[in-house]
There are 2 protein chains.
Amino acid sequence: MTVAFKDVKADLLDQIARGALRPGSLMPNETDLAESYGCARATVNRAMRELADEGIIERKRKAGTRVRMAPIRQARFAIPIVRDEIEALGAKYRYALVGRDVLPVPDWLRGRLGLQRGQDVLHLVCMHYADGVPYQHEDRWINPEVVPNVLKADFTASGPNEWLVSEIPFSDAEISFMAVEAENGLAEHLGCGEGAALFRIERTTWLQDRAITLVQLTYRRGHRMTTRY
Amino acid sequence: MTVAFKDVKADLLDQIARGALRPGSLMPNETDLAESYGCARATVNRAMRELADEGIIERKRKAGTRVRMAPIRQARFAIPIVRDEIEALGAKYRYALVGRDVLPVPDWLRGRLGLQRGQDVLHLVCMHYADGVPYQHEDRWINPEVVPNVLKADFTASGPNEWLVSEIPFSDAEISFMAVEAENGLAEHLGCGEGAALFRIERTTWLQDRAITLVQLTYRRGHRMTTRY
DNA sequence: TAGTGGTCTAGACCACTGA
DNA sequence: CAGTGGTCTAGACCACTAC
């Protein structure tokens with residue numbers, strides 16, 4: 001039976017978790033490990049590279065590989081698509097367009113989308129419901145310079161996110177998580193008191209240095225975004 | 001000049017971003033791509049495997065590789081260590097222990113830490129300051145069954161997180177992000193009004209199915225957690 | 001400057017799964 | 001059952017960097 005890189009990886013992880021390999025300690029080099037596992041160096045390399053990608057160990061040429069003192073454990077979040085999110089709860093998804101406007105880009109937005117003063121942007125406000133109950137409020141700005149078709153698109157039946165993913169790819173994105181206080185309109189749409197603490201995701205996406213869209217996704221009160229790692 | 005897997009990856013990404021490879025479309029197989037790039041199949045494989053890991057493309061044996069319709073773009077967050085976070089802002093870090101108690105595990109916590117009724121837990125409340133201004137409030141519960149030394153540890157000078165990472169590894173974790181309203185004590189510690197919306201991270205960590213600790217990290221008002229991908 | 005990881009190659013066998 | 005990706009090997013050369 002040949003030794004798989006998964007075996008090597010699992011064994012190393014196990015040694016770390018059980019304390020056989022202490023944080024900060026120097027691990028054997030690839031050549032030695034390959035010999036002791038009875039496999040090729042490339043196999044050990046693959047295992048250790050994945051551990052390094054996951055932030056468990058730290059590799060430096062010449063200096064060797066060490067177990068990280070404070071593992072930079074990373075969590076991966078699938079960027080949620082609200083329809084899937086709601087259906088995964090076993091609830092029925094419903095969408096509604098609340099508002100649509102084409103207007104000159106506001107000052108606060110100009111820099112973030114990289115636009116010139118006076119250029120038009122499309123502003124959409126939508127609601128997403130789970131079993132008829134407000135679930136998420138979507139406030140979106142789209143740059144028509146990059147996606148001209150968007151001005152002709154009809155968002156009364158389905159949301160702009162679904163339209164955008166089928167229309168245009170993106171190459172970069174920035175995402176932020178934060179807490180906001182429900183102001184007037186938000187509270188009304190989400191069915192909570194004014195001033196309630198709401199969880200919000202804000203995301204900007206670019207295609208080759210040109211901003212496509214900025215969206216604020218605000219969840220109903222009490223929402224949690226969870227992941228295991 | 002040999003062709004590197006990064007070149008292949010960058011070229012494929014570029015083709016996707018520019019629309020030459022449409023979402024849903026079938027890509028050539030590894031053998032053909034290797035020939036057209038003039039490199040080994042392993043090189044193409046590495047490039048495509050990374051794209052698949054990142055959720056850009058979807059691979060199935062026999063069926064081939066396709067560009068994802070709705071890219072499951074994933075964001076990776078480095079689990080923040082508050083000291084680093086503050087120092088990265090160029091601010092001076094200060095820590096303070098606010099409260100320490102050993103008490104029978106409360107009902108709401110029992111299930112989450114997998115404890116029996118009546119067992120003791122260590123409860124710590126700490127504050128982290130940036131340039132003397134409240135930055136993060138830490139409310140932590142530690143299971144002394146798993147880390148007995150913790151009852152003898154001194155947390156007046158440095159925080160429990162730094163102690164824990166040097167004392168015990170963990171194998172699994174669950175992390176949640178949410179918004180909470182500042183209740184009385186929290187508002188006072190963080191220097192905000194009662195009822196302010198605050199961003200909170202809640203994390204539970206386990207070592208081999210035994211819960212080590214549950215911590216709630218609540219940030220000062222207006223905090224954002226941001227990442228690019 | 002020597003040791004370590006980073007990567008590429010050419011070839012091979014295997015596992016999965018769609019047609 | 002045949003095509004595709006998944007992985008391993010043995011060897012090689014290279015890039016970085018601690019010493």
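Computed from heavy atoms alone, side chains included, the values below leave out hydrogens, waters and symmetry copies.
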Under the salt bridge (Lys or Arg N to Asp or Glu O under 4.0 Å) rule, collect the residues that match up with [X], sequence neighbours excluded.
X	answer
B/Arg100	none
A/Arg228	B/Glu174
A/Glu145	none
B/Arg203	none

Roughly how many Å is it from [atom1] in [X] to [atom2] in [N], rounded to a whole number?
X	N	atom1	atom2	answer
A/Met48	D/dC8	CE	C1'	18 Å
B/Asp7	C/dT7	CG	P	12 Å
B/Glu35	C/dT9	CD	C1'	15 Å
B/Phe5	C/dT9	CZ	P	12 Å
B/Lys6	C/dG6	NZ	P	10 Å
A/Glu50	D/dG6	CD	C1'	12 Å
A/Glu58	C/dG5	CD	C1'	14 Å
A/Arg66	D/dA18	CZ	P	11 Å

> What residues in residues 22-32 of chain B put a non-hydrogen atom under 4.0 Å from any atom of DNA chain D?
Replying inline: B/Asn29, B/Glu30
Just distance, no hydrogens or angles: give the donor-acceptor pairs under 3.5 Å from side chains in residues 33-46 of chain B, sequence neighbours left out.
residue : atom : partner : partner atom : Å
B/Ser36 : OG   : B/Leu33 : O            : 3.1
B/Tyr37 : OH   : B/Asp11 : OD2          : 2.5
B/Arg41 : NH1  : B/Glu30 : OE1          : 2.6
B/Asn45 : ND2  : B/Glu30 : OE2          : 2.8
B/Arg46 : NE   : B/Glu50 : OE2          : 3.2
B/Arg46 : NH2  : B/Glu50 : OE2          : 3.4

> D/dG5 phosphate, OP1 or OP2: any side-chain N/O from B/Asn45 under 4.0 angstrom?
Replying inline: no
> B/Thr43 side chain N/O closer than 4.0 Å to the phosphate oxygens (OP1, OP2) of C/dT7?
Replying inline: no
> By side-chain contact (heavy atoms from CB on, under 4.5 Å), which residues pair with B/Val98, not counting sequence neighbours?
Replying inline: B/Val125, B/Met127, B/His189
>> Restricting to side-chain contact (heavy atoms from CB on, under 4.5 Å), what partner residues turn up for A/Leu13, sequence neighbours left out?
In response: A/Leu51, A/Ile56
> Is the ring centre of A/Tyr219 less than 6.0 Å from the ring centre of A/His137?
Replying inline: no
>> Using the ring centroid of each side chain, check whether B/Tyr93 and B/Tyr135 are separated by less than 6.0 Å.
In response: no
>> One character per nucleotide, please: for nucleotides 11-19 of chain C, 5' to 3', B when the base has a protein heavy atom closer than 4.0 Å, S when only the sugar-phosphate does, - otherwise.
In response: -B--BBBB-
